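Working notes, structure below.
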There are 2 protein chains.
Amino acid sequence: MSTLAQGKAGLERASTAQKVADMLRERVLDGELAPGLRLSEEAIGGALGVSRNTLREAFRLLTRDRLLVHEHSRGVFVRRPTGDDVRDLYAARRVIECGALRLWNGVTDAQREAVRAPVRQAVARAEKNDWTKAGSANIQFHRGIVGLAGSTRLSDESDRLFAELMLAFRVAQEINDFYQTYVPWNRRIVELLNNSEIDEAVDQLNEYFDAAEEDLVQRLEAN
Amino acid sequence: MSTLAQGKAGLERASTAQKVADMLRERVLDGELAPGLRLSEEAIGGALGVSRNTLREAFRLLTRDRLLVHEHSRGVFVRRPTGDDVRDLYAARRVIECGALRLWNGVTDAQREAVRAPVRQAVARAEKNDWTKAGSANIQFHRGIVGLAGSTRLSDESDRLFAELMLAFRVAQEINDFYQTYVPWNRRIVELLNNSEIDEAVDQLNEYFDAAEEDLVQRLEAN
DNA sequence: ATCGTAGAATCGTTCAACAATCCAACGATC
DNA sequence: GATCGTTGGATTGTTGAACGATTCTACGAT
């Protein structure tokens with residue numbers, strides 16, 4: 001029966017609004033729709049071949065994900081994260097990820113592997129100077145950490161935080177500079193975890209957040 | 001200027017969909033719209049005097065808040081939390097609130113007071129056997145704890161978790177029984193915090209979560 | 001240069017329509 | 001008698017047009 005249960009996910013037809021939202025999400029995250037850009041209902045709806053009402057439903061979805069901001073009677077815009085936004089995001093990440101990391105000894109092997117594997121990937125990709133894929137492996141690392149908590153709600157919210165953070169990276173034109181520093185950082189965290197030095201791992205993660213936040217805020221406020 | 005800045009919030013006209021969503025949220029949380037109930041677009045739209053399209057926008061908002069569930073081509077229903085939902089909710093709360101609590105020594109006095117004050121209120125109201133208000137004071141206590149993190153994103157998400165949890169309470173017909181036990185529990189946590197015994201306070205909070213989760217799951221699965 | 005105003009553009013919301021989907025009742029079949 | 005198609009009826013999904021309300025822009029007055 002497990003194969004049938006798997007197929008179920010594919011069966012669930014996505015609504016048009018959902019599909020439109022997914023498409024727009026990609027465009028926003030890959031930078032095709034730049035932060036600050038206003039999304040005209042008429043233009044986008046016409047281009048995608050959907051009605052204004054359906055498009056507005058899609059906008060609501062992305063607004064809840066904080067990728068778009070809605071200004072009454074003015075329209076929706078691609079979010080342009082500020083320094084304050086970044087501080088807020090990292091305050092949330094600190095609590096969530098450090099809290100999740102403390103659960104290390106009480107989770108399943110699969111959960112622990114979901115933290116280790118992305119680090120190995122990031123190392124391999126960094127050696128090939130493929131910083132784009134190394135960056136996504138980094139996100140997988142942090143997704144793995146949040147996954148230690150075993151809460152889909154927490155993981156979903158964290159995904160939204162990560163997506164918003166990627167917008168901030170784009171605004172800050174943060175490309176590789178900082179990405180090169182976190183790979184060894186992540187390695188050290190995993191080593192500490194493997195030695196059951198949880199508190200030290202949490203400290204390292206916190207320091208990583210300090211550095212990343214500061215770097216990002218600097219670039220944003222220099223805009 | 002501060003008075004002008006305050007007025008700004010009131011100036012921002014809420015959209016009809018937002019107002020409808022707020023109204024429905026109240027009805028769901030106070031139990032007037034019972035968990036599992038299907039919300040007919042025609043019936044609700046007619047009763048509230050809004051068009052189907054606007055109502056659907058409101059439904060989307062509440063679906064994202066997890067108060068409603070949307071089933072394709074079948075309609076929207078008031079969420080009926082399951083035991084698994086409750087376990088997921090508490091897994092998230094454990095990480096968020098225990099993580100936030102550890103920040104106790106590094107936050108402002110106002111933040112700390114936002115944790116202490118609700119406990120005093122809960123004590124006062126419990127003495128008058130006003131368990132409804134004591135219950136909302138309990139939520140304020142936990143909101144205060146999350147607020148220690150200083151992240152509006154985290155606080156907003158926690159509010160959603162709390163709202164969903166109140167739905168679970170309703171399904172479980174959890175009235176006063178358990179509410180009577182947490183008041184002294186909260187008192188103890190605050191005392192430990194005042195003595196800077198942070199780790200002990202976190203332990204207590206974790207035990208509270210254990211007890212609350214177990215109690216709630218039991219009632220739900222007995223349904 | 002600042003201010004106010006008219007007109008264009010866009011949003012907010014409603015309404016009506018139709019296709020797609022689901023549901024409940026009814027027989028048909030074994 | 002229980003299971004299985006089938007058939008309408010009801011509800012959702014989506015569209016398109018319409019119109020008042022709001023914002024933006026450009027132009028001219030002070």
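What you see is a predicted model, and the numbers here were worked out from it, not measured in a lab. A note on names: the letters A, B, ... follow the listed sequences, proteins ahead of strands, and every chain is numbered from 1.
- A centroid separation of 6.0 Å or more is found between the aromatic rings of His142(A) and Tyr182(A).
- Remark: Asp22(A) engages Arg25(A) in a salt bridge, criterion side-chain N to carboxylate O under 4.0 Å.
- Counting only heavy atoms from C-beta outward, the side chains of Arg125(A) and Ser136(A) approach each other to under 4.5 Å.
- A distance of 11.0 Å separates CD of Gln121(B) from CG of Asp130(B), quoted to the nearest 0.5 Å.
- A salt bridge does not link Asp85(B) to Arg80(B): none of the charged nitrogens lies less than 4.0 Å from a carboxylate oxygen.
- In this structure, the nucleotide among dT15(D), dT12(D), dG12(C) sitting nearest to the side chain of Glu41(A) is dG12(C).
- Look at Arg219(A) and Asp215(A) and you find a salt bridge, because one of the NZ, NE, NH1 or NH2 atoms lies within 4.0 Å of a carboxylate O, short of that distance.
- Look at CD on Glu42(A): it is 8 Å from P on dC11(C), rounded to the nearest Å.
- Straight-line distance from the CZ atom of Arg52(A) to the C1' atom of dA17(D): 10 Å, rounded to whole Å.
- Looking at heavy atoms from C-beta onward, Asn53(A) lies out of side-chain contact with Arg56(B) at the 4.5 angstrom threshold.
- Within the 4.0 Å cut-off from OP1 or OP2 of dC11(C), at least one side-chain nitrogen or oxygen of Arg38(A) is found.
- Within residues 18-28 of chain A, no residue has any heavy atom closer than 4.0 Å to DNA chain C.
- In this structure, CZ of Arg60(A) is placed 13 Å from P of dC11(C), rounded to the nearest angstrom.
- Of the candidate nucleotides dG12(C), dT15(D), dT21(C), dT21(C) has the atom nearest to the side chain of Ser73(B).
- Taking atom CG of residue Leu55(A) and atom C1' of nucleotide dT14(D), one finds them 13 Å apart after rounding to whole Å.
- Contact annotation: Thr54(B) side-chain N/O to dG12(C) OP1/OP2 distance is not under 4.0 Å.
- One atom, CG of Asn53(B), and another, P of dT14(C), lie 9 Å apart when rounded to the nearest Å.
- One finds a side-chain N or O of His70(B) lying less than 4.0 angstrom from the OP1 or OP2 phosphate oxygen of dG13(D).
- The structure places SG of Cys98(B) at 9.5 Å from CZ of Arg102(A), a figure rounded to the nearest 0.5 Å.
- Nearest to the side-chain atoms of Thr16(B) among the listed nucleotides dT14(D), dT13(C), dT15(D) stands dT13(C).
- Between Ser51(A) and the phosphate of dT15(D), there is a side-chain N or O to OP1/OP2 separation shorter than 4.0 Å.
- Atom CG in Leu37(B) sits about 14 Å away from atom P in dT11(D), given to the nearest Å.
- The phosphate of dT10(C) has neither OP1 nor OP2 within less than 4.0 Å of any side-chain N or O from Ser40(A).
- Remark: P of dT23(D) and CD of Glu71(A) are 11 Å apart, rounded to the nearest angstrom.
- Across dT14(C), dT12(D), dG12(C), the shortest atom-to-atom separation from the side chain of Arg56(A) is found for dG12(C).
- Residue Gly45(A) is classed as having no contact, given no heavy-atom separation below 4.0 Å to the nucleic acid.
- Taking atom CD1 on Ile44(B) and atom C1' on dT12(D), their separation rounds to 15 Å, with Å as the unit.
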